[in-house]
Amino acid sequence: MGTDTDTCASKAHGDSIKAKPGVTYELSFWTLANPGETFKVSIRQGYTAYPDPTIKITPATNTGQWTRTRQRFTIDFPKEINIWIIFEKPTGTIIPR
């Protein structure tokens with residue numbers, strides 16, 4: 001992912017995942033980027049509500065080395081639903097693994 005829209009994606013997400021209420025999930029991923037470069041990570045839940053039901057994840061600050069982010073989350077819907085993990089708005093070129 002990156003800011004050069006001619007050569008890089010500015011947003012990425014995978015297929016939906018079934019998530020159950022009351023279960024603690026852990027999202028873990030590695031990134032490589034120049035020191036201080038960031039991006040947004042969110043988990044979109046498959047329902048509409050107010051306020052926005054999107055779960056915000058704060059990725060670790062990139063250091064120029066491979067950096068690991070791990071965060072636990074639970075869904076806030078009373079039934080099993082689909083969720084999507086979304087990576088977006090990079091401030092530079094970021095390589096996920």
Side-chain angles (χ1 to χ4, degrees):
M1 289 191 338
T3 55
D4 180 353
T5 56
D6 291 331
T7 60
C8 299
S10 60
K11 183 177 183 177
H13 65 82
D15 294 333
S16 66
I17 302 165
K18 291 267 187 207
K20 297 179 180 179
V23 175
T24 300
Y25 294 91
E26 181 176 275
L27 175 62
S28 176
F29 56 90
W30 292 82
T31 55
L32 176 63
N34 289 326
E37 290 183 348
T38 63
F39 58 99
K40 305 255 186 233
V41 182
S42 58
I43 299 169
R44 186 176 151 258
Q45 301 182 75
Y47 69 94
T48 303
Y50 180 83
D52 182 10
T54 302
I55 300 167
K56 308 290 188 214
I57 304 290
T58 304
T61 302
N62 287 291
T63 62
Q65 304 286 327
W66 281 103
T67 304
R68 184 176 188 184
T69 296
R70 286 178 20 174
Q71 187 164 338
R72 292 187 174 100
F73 67 93
T74 57
I75 63 166
D76 57 3
F77 196 69
K79 298 190 282 188
E80 181 177 271
I81 60 169
N82 289 325
I83 61 171
W84 292 263
I85 299 168
I86 302 168
F87 299 85
E88 62 186 336
K89 299 182 182 172
T91 60
T93 301
I94 297 175
I95 302 167
R97 177 174 75 163

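When a residue number appears, it is its place in the shown sequence, counting from 1. All values below come from the heavy atoms of this structure, side chains included, with hydrogens, waters and symmetry mates left out.
Note that the CD atom of Q45 and the CD1 atom of I81 stand 4.5 Å from one another [nearest 0.5 Å]. Rounded to the nearest 0.5 angstrom, I55 CD1 and T74 OG1 are separated by 6.5 Å. Put simply, OH on Y25 and CD on Q71 are 16.0 Å apart, with the number rounded to the nearest 0.5 Å.
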**Message:** Show, in sequence, the C-alpha distance, side-chain angles and deciding distance for F39 and T31, and conclude whether the side-chain contact (heavy atoms from CB on, under 4.5 Å) test is met.
**Reply:** CA-CA 10 Å; F39 58 99; T31 55; 3.6 Å; yes
**Prompt:** Going through the checks in order, is the side-chain contact (heavy atoms from CB on, under 4.5 Å) test met by K18 and N82?
**Reply:** CA-CA 5 Å; K18 291 267 187 207; N82 289 325; 3.6 Å; yes
**Message:** T58 vs K56, test: side-chain contact (heavy atoms from CB on, under 4.5 Å). Steps then yes/no.
**Reply:** CA-CA 7 Å; T58 304; K56 308 290 188 214; 6.0 Å; no
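Closest approach of R70 to S28, counting heavy atoms only: CG-OG, 3.4 Å. The minimum heavy-atom distance between P21 and I75, with the atom names listed, is N-CD1, 3.6 Å. When all heavy atoms of L32 and G64 are compared, the closest pair comes out as CD1-O, 3.6 Å. Nearest heavy-atom pair, G2 versus C8, reported as atom, atom and distance to 0.1 Å: N-CB, 3.4 Å.
When the shell of 6.0 Å around CG of D15 is examined, it contains 12 or fewer heavy atoms from other residues, nucleotides or ligands. The number of heavy atoms from other shown groups lying within 6.0 Å of NZ (K20) does not exceed 12.
Residues I83 and F73 form a side-chain contact, since some pair of their non-hydrogen atoms from C-beta on lies under 4.5 Å apart.
Without hydrogens or angle criteria, T67 side chain to Q65 main chain gives a donor-acceptor distance under 3.5 Å.
Applying the salt bridge (Lys or Arg N to Asp or Glu O under 4.0 Å) criterion to R68, with sequence neighbours excluded, gives no partner residue.
Hydrophobic clustering of Ile, Leu, Val, Met, Phe, Trp and Tyr side chains at less than 4.5 Å, counting indirect connections, keeps W84 apart from I43. Using a 4.5 Å cut-off between side-chain heavy atoms of Ile, Leu, Val, Met, Phe, Trp and Tyr, with links allowed through other members, V41 and I95 fall into different hydrophobic clusters.
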Please output the side-chain donor-acceptor pairs of residues 85-93 that fall under 3.5 Å, not counting sequence neighbours, one pair per line with the distance.
unit_1	atom_1	unit_2	atom_2	d
T91	OG1	T38	N	2.8
T91	OG1	T38	O	3.4

